[in-house]
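In this text the structure is predicted, and so the values were computed from the model without any measurement.
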Amino acid sequence: MKTRFAPSPTGYLHIGGARTALFAWLFAKSLKGDCLLRIEDTDKERSKAEYTQEIINSFKWLGVEFDAEIVYQSNNATRYREVVESLLANNTAYVCKGEDPEKDKEYRDLKLSKDEDTVIRFKMPETGSTAFEDLVKGKIEVSNDQLDDFIIERSDGSATYNFCVVVDDIDSEISHVIRGDDHINNTFKQINVFKALNQIIPQYGHVPMILGEDGKRLSKRHGALGVQEYEALGILPEALKNYLLRLGWAKGDTEIFSDKEMTASFQDGVMNKSPATFSMDKLLWFNKHYLDQMNTEELIQKINLNHIDKSEYSKMVINAVRDRCETLNDFSTQTDYFFNEPEIYDQKLIKKHCSDATSGYLNKLKSSLVDKDSWNQSAIKEVIDRIASDLEVGFGKIGLPLRLALTASTNSPSIDLVCEILGREETIKRLDSFLLFLNDQEKDL
RNA sequence: GGCCCGUUCGUCUAGUGGUUAGGACAUCUGGUUUUCAUCCAGGCAACAGGAGUUCGAUUCUCCUACGGGCUACCA
């Protein structure tokens, strides 16, 4: 069996297209079949080669690998011409002059010759109905009088979408067409072309669309981000894939599916018939899950930050902050102060956590830290605890200013751990800078 | 307008002719905690509406409402 995904290169690959592709691909892979990528670039005005490249890159990143060569419809013009001729020959298509849509059918048996003022229309059956058994929606049927004689070849001699699709599906021997349900109405037209050509009609499965967080259909101009933008946001491909899979497909209550599990269980799950609303929150939850699973080396490689390398120091830093990161990008701000001394302190935080007494506390702490014989998390905690109880204040009166001094933030791992990782020298140095800063502040007041 | 598709907690969904209608995300509460997180425990919350079939419908049928799609010399 063989499926295909057929985007038109008129923009980047957005999340909806990616999901449809994922379903088509998974459907094929779960049945040990092939899935083809076909670029539908018959619209010369809007199709761009750079979009094609972007689409290809997006799939590469996602880990969706298509089989065989990419098919470009723009390469098939002669083939389409040939098939149009055969339709003309067996009288299932006709040349039409068509200024008036009402009168199109009057040209059906006129057998005009083609020129630059005419198009070629498909001769749709006028009675009966066209029906098919959809893989996800069940039986779908429409009366043929609803279908019109659509154009298959433009006046410039180029073929149109609903016709090209059929020719390519035949030539590529596509057995199953998995696509968005916005194509349901096209299916009726296409089925009739298959019939006119005397070819086997593939099986169709129409998957529902994705809606934006506001409930409106997701589109390029309506909040749909490109796959590459999720990458830029620090989303892992496995997280996006897993999330997309669960958006519209389910196998019981299971949420997490590895690549292998996806293909293994795809046929056992159920595809939903209704459109689903995209949720960034849930995507982020999947992302955190896959981030948690990753070992430190892998993580360092994926984070791809200049200051993070394979050193023990980097590893300590990563492991210290990973709990509070849900995207790859979060590691940037979360690790920054381990590599760069804070330069400015937030006034609001200073006001909130520091008082006149703070300098005194911190000076005491500093001298104890300087004298402390060992330098590790528990030893440092001991020192802070002791000073706090000597001074008869809570841990926060000392710990919070210390955190500010070292990280310029109120969001960091345990402060004793931060001290340990930073090292004694750096810790004292930052403490000194902060003390100086506090001193200057008092003068200003 | 015509045609096609759809409708279970706020969101993603499971599920069945008889269930306390289950899980996940979000949210709320509590616990752990030196901050922020993480983590753990618990709570709130749904079968669109109306007929019909049936001993019984969330489940089957029809209608209505609402949502989406198509209706191009776009794909």
Side-chain angles (χ1 to χ4, degrees), chain A residues 6-11 39-47 73 96 98 101 117-121 134 136-138 140-143 145-148 150-162 164-165 179-189 206 208-211 213 215-217 243 245-256 269-270 272-286 288 292 321-326 330 334 349 352-353 381 384-385 388 394-404 407 409-418:
Chain A
S8 59
T10 54
I39 303 295
E40 309 218 314
D41 51 357
T42 51
D43 184 344
K44 291 163 199 141
E45 302 287 302
R46 299 196 300 151
S47 299
Q73 288 192 324
C96 173
D117 289 328
T118 60
V119 297
I120 297 176
R121 288 183 185 275
D134 192 89
V136 349
K137 310 254 188 190
I140 304 180
E141 182 171 14
V142 71
S143 167
D145 56 28
Q146 296 296 327
L147 274 19
D148 46 38
F150 67 100
I151 293 171
I152 58 176
E153 189 179 292
R154 302 181 181 95
S155 46
D156 69 0
S158 64
T160 62
Y161 170 74
N162 280 116
C164 298
V165 166
R179 54 175 22 166
D181 69 6
D182 50 337
H183 284 288
I184 288 181
N185 287 289
N186 292 329
T187 306
F188 301 121
K189 298 178 188 173
H206 288 96
M209 310 267 86
I210 299 180
L211 273 22
E213 309 218 30
K216 297 234 173 76
R217 182 193 174 183
Y243 174 66
L245 173 72
R246 289 290 290 107
L247 205 53
W249 178 91
K251 188 192 166 197
D253 286 336
T254 313
E255 298 283 352
I256 304 296
V270 184
N272 244 98
K273 295 178 182 181
S274 47
T277 305
F278 182 85
S279 160
M280 193 63 190
D281 279 338
K282 190 141 188 188
L283 207 210
L284 253 16
W285 177 80
F286 275 106
K288 177 96 177 83
D292 287 348
V321 304
R322 59 184 301 165
D323 269 353
R324 64 213 76 217
C325 296
E326 56 182 0
D330 290 342
Q334 290 290 343
L349 293 177
K352 191 170 173 194
H353 300 293
K381 179 166 165 39
I384 302 173
D385 278 340
F395 190 106
K397 287 278 187 265
I398 297 168
L400 255 6
L402 176 60
R403 170 169 285 113
L404 244 27
T407 72
S409 140
T410 176
N411 173 354
S412 86
S414 289
I415 196 59
D416 42 25
L417 211 211
V418 175

Does OP1 or OP2 of [N] have a side-chain N or O of [X] closer than 4.0 Å?
{"X": "A:N272", "N": "B:rA14", "answer": "yes"}
{"X": "A:T42", "N": "B:rA75", "answer": "yes"}
{"X": "A:S412", "N": "B:rU35", "answer": "no"}

Indicate, yes or no, whether a donor-acceptor pair under 3.5 Å links the base of [N] to the side chain of [X].
{"X": "A:S279", "N": "B:rC12", "value": "no"}
{"X": "A:D253", "N": "B:rG22", "value": "yes"}
{"X": "A:K251", "N": "B:rA14", "value": "no"}
{"X": "A:S414", "N": "B:rU34", "value": "yes"}

Between [options], which one does the side chain of [X] approach most closely?
{"X": "A:I151", "options": "B:rA75, B:rC25, B:rA72", "answer": "B:rA72"}
{"X": "A:H183", "options": "B:rC73, B:rA75, B:rA14", "answer": "B:rA75"}
{"X": "A:W285", "options": "B:rC25, B:rC12, B:rC4", "answer": "B:rC25"}
{"X": "A:S274", "options": "B:rU34, B:rU8, B:rC12", "answer": "B:rU8"}
{"X": "A:V119", "options": "B:rC73, B:rU38, B:rG6", "answer": "B:rC73"}
{"X": "A:D281", "options": "B:rA14, B:rC25, B:rG6", "answer": "B:rC25"}
{"X": "A:P275", "options": "B:rG6, B:rU13, B:rU11", "answer": "B:rG6"}
{"X": "A:N185", "options": "B:rU13, B:rC3, B:rA75", "answer": "B:rC3"}
{"X": "A:Q146", "options": "B:rC3, B:rU34, B:rC4", "answer": "B:rC3"}
{"X": "A:T410", "options": "B:rU35, B:rU11, B:rA75", "answer": "B:rU35"}

- Message: I need the minimum non-hydrogen distance between A:K273 and A:V136, along with the two atoms involved.
- Response: CE-O, 3.5 Å

Without decimals, in angstroms, what is the distance between [X] [atom1] and [N] [atom2]?
{"X": "A:M209", "N": "B:rG69", "atom1": "CE", "atom2": "C1'", "result": "8 Å"}
{"X": "A:N411", "N": "B:rU35", "atom1": "CG", "atom2": "P", "result": "12 Å"}
{"X": "A:F278", "N": "B:rG68", "atom1": "CZ", "atom2": "C1'", "result": "19 Å"}
{"X": "A:R179", "N": "B:rG69", "atom1": "CZ", "atom2": "C1'", "result": "13 Å"}

Under a 3.5 Å limit for both distances, which nucleotide forms a Watson-Crick or G-U wobble pair with [N], could you say?
{"N": "B:rU33", "value": "none"}
{"N": "B:rU59", "value": "none"}
{"N": "B:rA48", "value": "B:rU64"}
{"N": "B:rC25", "value": "B:rG10"}
{"N": "B:rU16", "value": "none"}
{"N": "B:rC3", "value": "B:rG69"}

- Does one side chain, of A:D145 or A:S143, offer a donor that lies under 3.5 Å from an acceptor on the other?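 Side-chain D/A pair, A:D145 to A:S143: present.
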
Whole-angstrom distance between [N] and [M], as gauged at atom [atom1]:
{"N": "B:rU59", "M": "B:rA48", "atom1": "P", "value": "8 Å"}
{"N": "B:rC47", "M": "B:rG6", "atom1": "C1'", "value": "15 Å"}
{"N": "B:rG49", "M": "B:rA72", "atom1": "C1'", "value": "38 Å"}
{"N": "B:rC63", "M": "B:rC40", "atom1": "P", "value": "49 Å"}
{"N": "B:rC12", "M": "B:rA75", "atom1": "P", "value": "32 Å"}

- Apply side chain to side chain contact (heavy atoms under 4.5 Å, CB included) to the pair A:K44 and A:S158, showing each step before the final yes or no. CA-CA 10 Å; A:K44 291 163 199 141; A:S158 64; 3.8 Å; yes

- Name all residues meeting the side-chain hydrogen bond (donor to acceptor under 3.5 Å, both in side chains) criterion together with A:E326; count only those two or more places apart in sequence or in a different chain, and write none if there are none. none

Taking any heavy-atom pair under 4.0 Å as a contact, classify [X]: base, sugar-phosphate, or nothing.
{"X": "A:G396", "value": "nothing"}
{"X": "A:P413", "value": "base"}
{"X": "A:G394", "value": "nothing"}
{"X": "A:R46", "value": "base"}
{"X": "A:I415", "value": "base"}
{"X": "A:D385", "value": "nothing"}
{"X": "A:T277", "value": "sugar-phosphate"}

- Along RNA chain B (nearest heavy atom to each residue), the more 5'-positioned of A:E141 and A:K282: A:E141

- Note on the structure: Closest to the 5' end of RNA chain B, once A:L400 and A:N186 are matched to their nearest nucleotides, is A:L400

- Query: Between atom NZ of A:K397 and atom CG of A:L402, what is the distance when rounded to the nearest 0.5 Å?
  - Reply: 15.0 Å

- First locate atom CD of A:Q73, then atom CD of A:E40, and finally report the distance between them rounded to the nearest 0.5 Å.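 Nearest 0.5 Å value for the CD-CD distance: 4.0 Å.
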
- Task: Among A:D181, A:T187, A:D182, find the residue that satisfies the side chain to side chain donor-acceptor pair (under 3.5 Å) test when tested with A:H206.
- Result: A:T187

- Query: With distance as the sole test, does A:S409 use its side chain to make a donor-acceptor pair with the main-chain N or O of A:N411 at under 3.5 Å?
  - Reply: yes

- Task: Step by step, work out the side chain to side chain contact (heavy atoms under 4.5 Å, CB included) result for A:F286 and A:R246.
- Result: CA-CA 11 Å; A:F286 275 106; A:R246 289 290 290 107; 4.1 Å; yes

